[in-house]
> 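Dropping a structure here in structure tokens format, bear with me for questions.
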Amino acid sequence: MTAFNLTSPSPTYLVVMAGGIGSRFWPISRTGHPKQFHDVLGVGRSMLQTTVDRFRSVVPPERVFVVTNRDYAALVQQQLPEVPATNILGEPVGRNTAPCIAWACYRIAQLDPTATVVVTPADHVVLREIAFIGTIQDALTAARERNILLTLGIQPSRPDTGYGYIQFLDGGLHERICKVKTFTEKPNRELAEVFVKSGEFLWNSGLFIWNLPTIMAGLRAHLSEITEIFDEATDAATGVSVWGTEAEPAFIETAYSRCRNISIDYGLMEKADNVFVLPADFGWSDLGTWDSLYSLAAKDGEANVVDADALLYDTTGCVIKVAKDRLVVVQGLENYIVAEHGNVLLICRRDQEQRVKEFVSDVKAKRGAGYS
């Protein structure tokens, strides 16, 4: 492994991916106001805000980039006024994580070509922030010093079929950072049980750390169809680029129309030979479903998660989340989700929450996009 030598520590940048809709959290998460912009846990800050907050000791606001749908750009600016407006990258259309990460890296390369970059989703939960920051610092040190594509892997606590899995090899850079052998996307229950019992697999957190020359080399080697498009932003003769100028949005409009829909995991991480994983345990959840919220949130004496003005009778194991200006009276429910936002009220058994995406599809077909 060739070391990436720098005469001085490279500056750290943060890229926050905040463009998803999170339809499994419907009706709180809606097309016009996805879950990353909500205070899902009732802590007084949205998921996007808490994501940026937890990096405040690592990255200053001027080195934070947020990639989102352009329809949400104003909402990002409203929630993160400390982040420069020019650092909010509004995608004209969703093309998955590879074009999203490539765009941010091209922008950062214009500012600091030797930067070290952390990439994070905007809608994850971290319960132990001190342990999290320690892990991030270890990852940054490794990524600054070596030409590696590093991801964080979470020690699995159960055979969850909602997460991707990373198989690692013992040994590697040192006792904590391991070579990645395989990626597996959301296995069935039987396979997930085998993975967890083997002790050779970690949950895929979707958090990445790398130095800029290494990620750019990886993109050029394995996603050249994307880099060829993005390279057109710079005039070959003059070296002048559209990055950070008024011409950038028009360029991105055309560029994204030519990019295929592909994830960074499939397009790069599963193919490169310099992919490593740092096993971590800091109270992580991607908070992708109502049941994951139930698992994480504080519960009352009857095991209910309540974020509402509510009176409950003979009710246990429920999630109750509605607007604070509405009184909710619930009697006789066990293990249900009662969630309201805007013009939609959802009442669904917790063990049937996997059908929420089906509900959203039906609602869109039968009632129109105004309910999705």
> When the aromatic ring centroids of Trp290 and Tyr336 are compared, is their separation below 6.0 Å?
no
> Can you spot which of Val305, Asn304, Thr289 makes a side chain to side chain contact (heavy atoms under 4.5 Å, CB included) with Tyr294?
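For Tyr294, the side chain to side chain contact (heavy atoms under 4.5 Å, CB included) test succeeds with only one of Val305, Asn304, Thr289, which is Val305.
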> What is the distance from atom CG of Leu111 to atom CG of Asn87, rounded to the nearest 0.5 Å?
7.5 Å
> Are Trp243 and Phe251 close enough that their ring centres sit under 6.0 Å apart?
yes
> Within the side chain of Lys357, is there an N or O that forms a donor-acceptor pair under 3.5 Å with the backbone of Trp26?
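No; zero donor-acceptor contacts below 3.5 Å.
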> Is Arg350 paired with Glu353 through a side-chain N to carboxylate O contact shorter than 4.0 Å?
no
> Pair Tyr106, Thr227 - check side-chain contact (heavy atoms from CB on, under 4.5 Å), show working.
CA-CA 9 Å; Tyr106 270 81; Thr227 58; 3.4 Å; yes
> Taking the six-membered ring for Trp and the full ring for Phe, Tyr or His, determine whether the centres of Phe37 and Tyr72 are under 6.0 Å apart.
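Distance test on ring centres: under 6.0 Å, yes.
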> Less than 3.5 Å apart, any donor N or O on the side chain of Asn96 or Ser263 sitting next to an acceptor on the other?
no
> Would you call Arg258 and Glu228 a salt bridge, using N to O less than 4.0 angstrom?
no
> Determine, for Arg45 against Asp53, whether the closest basic-nitrogen to carboxylate-oxygen distance falls under 4.0 angstrom.
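Salt bridge present between Arg45 and Asp53.
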> Kindly say whether the aromatic ring centers of Trp103 and Phe230 come within a distance under 6.0 Å.
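Ring centres of Phe230 and Trp103 not closer than 6.0 Å.
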> Please determine whether a side-chain nitrogen of the Lys or Arg among Glu91 and Arg95 lies less than 4.0 Å from a carboxylate oxygen of the Asp or Glu.
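Between Arg95 and Glu91 there is no salt bridge, as every charged N stays at least 4.0 Å from the carboxylate O atoms.
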> With the threshold set at 4.0 Å, does a side-chain nitrogen-carboxylate oxygen contact exist between Lys324 and Asp307?
yes
> Does Arg128 come within less than 4.0 Å of Asp281, counting only side-chain N to carboxylate O?
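Salt bridge flag = yes for Asp281 with Arg128.
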> With a 4.0 Å cut-off on N to O distance, would you call Glu334 and Arg349 a salt bridge?
no
> Checking side-chain polar atoms at under 3.5 Å, does Thr135 have a donor or acceptor matched by the opposite partner on Asp138?
no
